[in-house]
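A short worksheet on the structure shown next.
Along the sequence shown, residues are numbered consecutively beginning with 1.
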Amino acid sequence: MAAHKIAHATLKGPSVVKEICIGITLGMFAGGLWKMHHWNEQRKVRAFYDMLEKGEISVVVEEE
């Protein structure tokens, strides 16, 4: 019976360095997405105010 000679993987705890690297990578990725979203919104607002200044659009405020 050779069953007792099979090597089994031993369970190890979490690798601190690996966890830190994964956390930094995920944080940078999420931060990059947030920055791209922010830049896109900023571009839209800037385009709106440029068109407003040129008179291409107007803002009508209705009073109730």
Original post:
Taking atom CG of Leu33 and atom NE2 of His37, what is their separation to the nearest 0.5 Å?
Top reply: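 Between atom CG of Leu33 and atom NE2 of His37 there are 10.5 Å.
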Subject >> Test log, rule side chain to side chain contact (heavy atoms under 4.5 Å, CB included), inputs Thr25 and Phe29 >> reply: CA-CA 6 Å; Thr25 303; Phe29 180 73; 5.6 Å; no
Common cluster, [X]/[Y], ILVMFWY with side-chain heavy-atom separation under 4.5 Å:
{"X": "Val59", "Y": "Met51", "answer": "yes"}
{"X": "Val45", "Y": "Leu52", "answer": "yes"}
{"X": "Ile20", "Y": "Met28", "answer": "yes"}

Original post:
Are more than 12 heavy atoms from other residues, nucleotides or ligands located less than 6.0 Å from atom CZ of Phe48?
Top reply: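 Yes, CZ of Phe48 has more than 12 neighbouring heavy atoms, counting only those of other groups under 6.0 Å.
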Original post:
Just wondering, more than 12 heavy atoms not from Glu56 lying within 6.0 Å of its CD?
Top reply: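 Correct, the count exceeds 12.
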Original post:
Is there side-chain contact between Lys44 and Glu41, with at least one heavy-atom pair below 4.5 Å?
Top reply: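 Yes - at least one pair of side-chain heavy atoms lies under 4.5 Å apart.
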**OP:** Please assess His38 against Lys35 for the test side chain to side chain contact (heavy atoms under 4.5 Å, CB included), listing each intermediate value before the final yes or no.
**Re:** CA-CA 5 Å; His38 175 74; Lys35 263 322 240 189; 4.2 Å; yes
